[in-house]
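To start, the structure itself, in structure tokens.
Every number for a ligand or one of its atoms is a count from 1 in the order of the listing. We number each residue from 1, following the sequence as shown. Note: hydrogens, waters and symmetry copies are ignored here, and every other heavy atom, side chains too, is used.
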Amino acid sequence: MGKQKKKNTNIKMTKKKTSSSHVWLFLIIGIVTIGLAVFMLTGNFNKDSGQSELSYKNQPYLGEDDAPVSIIEFGDYKCPICKDFNESFFPLIDQELIQTGKVKFYFLNYPFISVDSERSALYGETVYKEIGNDTFWKFHKLLYEKQPEDQSQERKDVFTEKFLEDTLKEVTSDENVKKVSGKYKANASEKAVETDEALVNDLGVTGTPTLFVNGKKFEGNTFGDLQKMVEEAAKENKGDK
Ligand code: CA
């Protein structure tokens, strides 16, 4: 009898243990489910607001660190409209918005025209990573200036590795060029281009040049339109604070 009683107690204890394991299991499932729901809700919220999702980390920029508004240009070094943009529209942005401390201006790659686009995007990223922001912007400007005027050459092999090296030589030392070319050959900046391309997809960019002002696509045509959008974005930022 005594033995059996003991046995029964053991069974009871085991049962108790099992039900407490279930409670823990349900509790854990509950916590994970709630966590997942909060995560999904936050993700959607960020998507709707169109700002928090955008990361500007490790991207080259011009302007003051504390400029209240950020503009991104998505460009392709082989795109003729990008060349026009950089030579006629960008100087206004620089003079009126960047130099005045109103805007931080970022360049991101959307290389889609030809192998030249891919090569120059990768090379530009390597210049930025290995030599720095200042040399990147000199190289960037020069590359657009050197884009062939003749549109029929658009898809030919113009921006070869040799061409990119020679272009970089015009703005930095031979030693730096050697460093960049070595890293370029090793595909060191492939991930950086992929990061830009992922943003192209996320933001639904379909052509170049495309501008985003604090994460919102610029749909206007004139510099006045852009100026207005920047002023509104600056006001919104002030309102948030
Ligand atoms: Ca980039």
Q. By atom name, which N, O or S atom belonging to E125 lies closest to the Ca ion (ligand 1)?
A. OE2
Q. Considering the options W137, F136, F107, Y106, which one meets the ring-ring contact (aromatic ring centres under 6.0 Å, His included) requirement together with Y61?
A. Y106
Q | Modelled atom types, side-chain donor and acceptor of H140 and Y77, under 3.5 Å | A | yes
Q) Can an N, O or S atom be found in Y128 less than 3.0 Å away from the Ca ion (ligand 1)? A) no
Q) Checking side chain to side chain contact (heavy atoms under 4.5 Å, CB included) against V213, which of I71, I72, V103 comes through? A) I71
Q: Can you tell me which residue pairs pass the ring-ring contact (aromatic ring centres under 6.0 Å, His included) test with a partner in residues 161-213, sequence neighbours excluded?
A: F74-F212, Y123-Y184, F159-F163
Q) Restricting to N, O or S atoms of D196, which is nearest to the Ca ion (ligand 1)? A) OD2
